[in-house]
2 protein chains.
Amino acid sequence: MPAIDRESPVPPYIQVANDLRARIESGEIPPGRALPSLVKLEDEFGAARDTLRKAVQVLKDEGRVQTVRGMGVFVLPLE
Amino acid sequence: MPAIDRESPVPPYIQVANDLRARIESGEIPPGRALPSLVKLEDEFGAARDTLRKAVQVLKDEGRVQTVRGMGVFVLPLE
DNA sequence: TGAAATTTGTGCGTATGTATT
DNA sequence: GAATACATACGCACAAATTTC
């Protein structure tokens, strides 16, 4: 299960971003599918919304996901 | 009238959850029936939807209610 | 038929306060 | 002081499922 290592010098939002990126790259969350909702991510990681939004923002900045309002955050096809 | 005590150290969403739980346990809202809609709860408690959804989430986590999209939040039978 | 109303799901942006680093 | 994170809350917009007319 995903977990945040509070002892790590890597900030939680980076850890979450890394975890989600790994799920995308492994094909666990394929293109066209949505990431777990923020509420679910809260449960999974036990992190605050601030942190999770930042993590998603990282993937957005990388062009890996795209937010669709009211629906979720979707994984984009690789270029 | 249910009301949220803003002076209390207990967070509003917990207060709402406690109130709803009491209504369920008293039989005011029996199994199979739905809780008031989020819109009605907004009126009743004067709280934001975010707060009310969190309150409902607490009861969900407790296994007391189940949400059905487009229909409502239903009280589950006791186990 | 289908359109509107109702209700929950999801996300955005913002805000306040606390605590830690 | 600044950055980060947590916890909570407000208000809004749009999506989707269901019910009603």
Below 4.0 Å from chain B heavy atoms, what is the first contacting nucleotide of DNA chain C and what is the last? C/dT7 to C/dT10
Which side-chain N or O atoms in residues 25-34 of chain B pair as donor and acceptor under 3.5 Å with protein atoms at least two apart or in another chain?
residue: B/Glu25; atom: OE2; partner: B/Arg64; partner atom: NH2; Å: 2.6
residue: B/Ser26; atom: OG; partner: B/Ala22; partner atom: O; Å: 3.3
residue: B/Ser26; atom: OG; partner: B/Arg23; partner atom: O; Å: 3.1
residue: B/Ser26; atom: OG; partner: B/Glu28; partner atom: N; Å: 3.2

When you group the ILVMFWY residues by side-chain heavy-atom contacts below 4.5 Å and let the links chain together, are A/Phe74 and A/Leu20 in the same group? no
If the sugar-phosphate is the primed atoms plus P, OP1 and OP2 and the base is the rest, what is the B/S/- string for nucleotides 1-7 of chain D, using protein heavy atoms under 4.0 Å? ---SSBB
Does anything in residues 29-40 of chain B come within less than 4.0 Å of DNA chain D? Heavy atoms only, and list the residues if so. none
Nearest 0.5 Å please: distance from the OG1 atom of B/Thr67 over to the CG atom of B/Leu59. 11.5 Å
Cluster check A/Ile24, A/Leu38: I/L/V/M/F/W/Y, side chain < 4.5 angstrom: yes
Closest approach of B/Ala47 to B/Leu52 (non-hydrogen atoms, all atoms of both residues): O-CD1, 3.8 Å
Is there a donor-acceptor pair closer than 3.5 Å between any side-chain N or O of B/Gln15 and the backbone N or O of B/Asp5? yes
Sorted by number, the residues of residues 66-78 of chain B with heavy-atom contact under 4.0 Å to DNA chain C: B/Thr67, B/Val68, B/Arg69, B/Gly70, B/Met71, B/Gly72, B/Val73
List, by chain and number, the other hydrophobic cluster members for A/Val10, where Ile, Leu, Val, Met, Phe, Trp and Tyr join if side-chain heavy atoms come within less than 4.5 Å, directly or indirectly. A/Tyr13, A/Ile14, A/Val58
A/Asp61/A/Lys54 ion pair, N-O < 4.0 Å: no
